[in-house]
Amino acid sequence: GTVRVFSFDIKRDGYSPEGTLSITNEADGPGGEIDTFMRMLPSGSRMSFPLASATTVEMNGPQYVHGYLRHQFGHRQTAQLNLHARARQFSSFVLLVGTVTSQTEFQPKQALVIQNKDRAIIP
């Protein structure tokens, strides 16, 4: 994998970005985006999540795995990680936060609709 700042455009192939998603460590100062190890998974794999007891939604597209190594020396301030989601004007997307329970299944815990210059910060 490669090391990269966790800040990504939310977009569909062939379209302009709908918004951005980033993770910051506020202990490093405002806007201190974290570095993560990143690996793109082979294409062709699909993931699904339950929408209701009788309905399942299937997702496809590029999938990435990110790893973050946090260490602390001495009495340095503990990391304060925040997930930032921002939508561009006249754009929208759905942000799902949850757990990957298997290679093909995602279990959402929360969902937000981010639209038209909305900004969500999740500690």
Side-chain angles (χ1 to χ4, degrees):
T2 59
V3 177
R4 180 172 171 186
V5 170
F6 192 98
S7 180
F8 296 93
D9 287 334
I10 309 274
K11 62 183 274 185
R12 299 175 286 161
D13 284 341
Y15 291 88
S16 295
E18 306 286 338
T20 59
L21 186 67
S22 62
I23 298 177
T24 61
N25 181 359
E26 301 305 316
D28 291 340
E33 294 169 334
I34 66 168
D35 290 325
T36 62
F37 299 98
M38 180 188 81
R39 180 171 178 246
M40 183 176 181
L41 299 177
S43 61
S45 57
R46 294 177 181 259
M47 192 167 276
S48 64
F49 64 92
L51 193 58
S53 59
T55 307
T56 300
V57 175
E58 192 172 272
M59 304 178 287
N60 61 1
Q63 294 178 7
Y64 301 88
V65 175
H66 300 274
Y68 174 61
L69 178 62
R70 183 175 74 187
H71 51 80
Q72 179 177 329
F73 297 102
H75 298 289
R76 187 170 180 232
Q77 188 175 11
T78 303
Q80 299 169 343
L81 301 179
N82 290 324
L83 179 67
H84 294 257
R86 296 174 213 87
R88 295 180 84 180
Q89 188 172 13
F90 309 119
S91 297
S92 65
F93 61 92
V94 177
L95 174 64
L96 298 174
V97 178
T99 306
V100 176
T101 56
S102 76
Q103 186 175 356
T104 60
E105 218 169 288
F106 178 77
Q107 185 64 46
K109 303 286 186 220
Q110 300 290 328
L112 292 167
V113 175
I114 313 290
Q115 62 184 358
N116 199 24
K117 293 184 152 182
D118 281 347
R119 180 179 180 162
I121 301 172
I122 302 168

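Remember, it's a predicted structure, so these values are computed and weren't measured experimentally.
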(Q) Between Asp9 and Pro17 (side chain of the first, backbone of the second, donor and acceptor by atom type, cut-off under 3.5 Å), is there such a pair? (A) no
**Q.** Sequence neighbours excluded, every pair satisfying salt bridge (Lys or Arg N to Asp or Glu O under 4.0 Å) that has a member inside residues 82-96
**A.** none
Q: Look only at the side chain of Asp118 and the backbone of Ala87, and say whether a donor-acceptor pair between them is shorter than 3.5 Å.
A: no
Q) With sequence neighbours left out, what residues match Thr99 under side chain to side chain contact (heavy atoms under 4.5 Å, CB included)? A) Thr101, Lys109
Q) Among all residues two or more places apart in sequence or in another chain, which pass the side-chain hydrogen bond (donor to acceptor under 3.5 Å, both in side chains) test with Arg119? A) His84
(Q) Working to the nearest 0.5 angstrom, can you tell me the gap between Arg4 CZ and His66 NE2? (A) 8.5 Å
**Q.** Closest approach of Ser22 to Glu33 (non-hydrogen atoms, all atoms of both residues)
**A.** CB-OE2, 3.8 Å
Q) If you group Ile, Leu, Val, Met, Phe, Trp and Tyr whenever their side-chain heavy atoms sit less than 4.5 Å apart, what else falls in with Met38? A) Phe6, Phe8, Ile10, Leu21, Ile23, Ile34, Met40, Tyr64, Tyr68, Leu81, Leu83, Phe93, Leu95, Val97, Leu112, Ile114, Ile122
Q) Under 3.5 Å, is there a donor-acceptor pair between the Gln89 and Ser91 side chains? A) no
Q | Residues which pass side chain to side chain contact (heavy atoms under 4.5 Å, CB included) with Gln103, listed by chain and number, not counting sequence neighbours | A | none
**Q.** Shortest non-hydrogen contact between Met47 and Ser102, atoms and distance
**A.** CE-O, 4.2 Å
**Q.** By side chain to side chain contact (heavy atoms under 4.5 Å, CB included) - contacts of Thr56 (at least two apart)
**A.** Ser48
Q.
Rounded to the nearest 0.5 Å, what separates atom NZ in Lys11 from atom CG in Asp13?
A. 7.5 Å
Q.
Apply the hydrophobic cluster definition, ILVMFWY joined by side-chain contacts under 4.5 Å directly or through others, and give me every member besides Leu69.
A. Val3, Phe37
Q: For residues 89-100, pull every pair meeting salt bridge (Lys or Arg N to Asp or Glu O under 4.0 Å), keeping only residues two or more places apart or in separate chains.
A: none
Q.
Going by salt bridge (Lys or Arg N to Asp or Glu O under 4.0 Å), name the pairs with one or both residues in residues 90-108, residues two or more places apart or in two chains.
A. none
Q) Do Pro50 and Gln107 touch side chain to side chain, with heavy atoms closer than 4.5 Å? A) yes
Q: Report the residues that fulfil side chain to side chain contact (heavy atoms under 4.5 Å, CB included) with Val57, sequence neighbours left out, ordered by chain and then residue number.
A: Phe49, Leu51
Q: Answer with yes or no whether the hydrophobic clustering places Val65 together with Phe106; edges join I, L, V, M, F, W, Y residues whose side-chain heavy atoms lie under 4.5 Å apart.
A: no
Q) Listed by chain and number, what are the side-chain hydrogen bond (donor to acceptor under 3.5 Å, both in side chains) partners of Gln115, not counting sequence neighbours? A) none
Q: Provide the full list of salt bridge (Lys or Arg N to Asp or Glu O under 4.0 Å) pairs with a residue in residues 52-74, sequence neighbours left out, each pair given once.
A: Arg46-Glu58
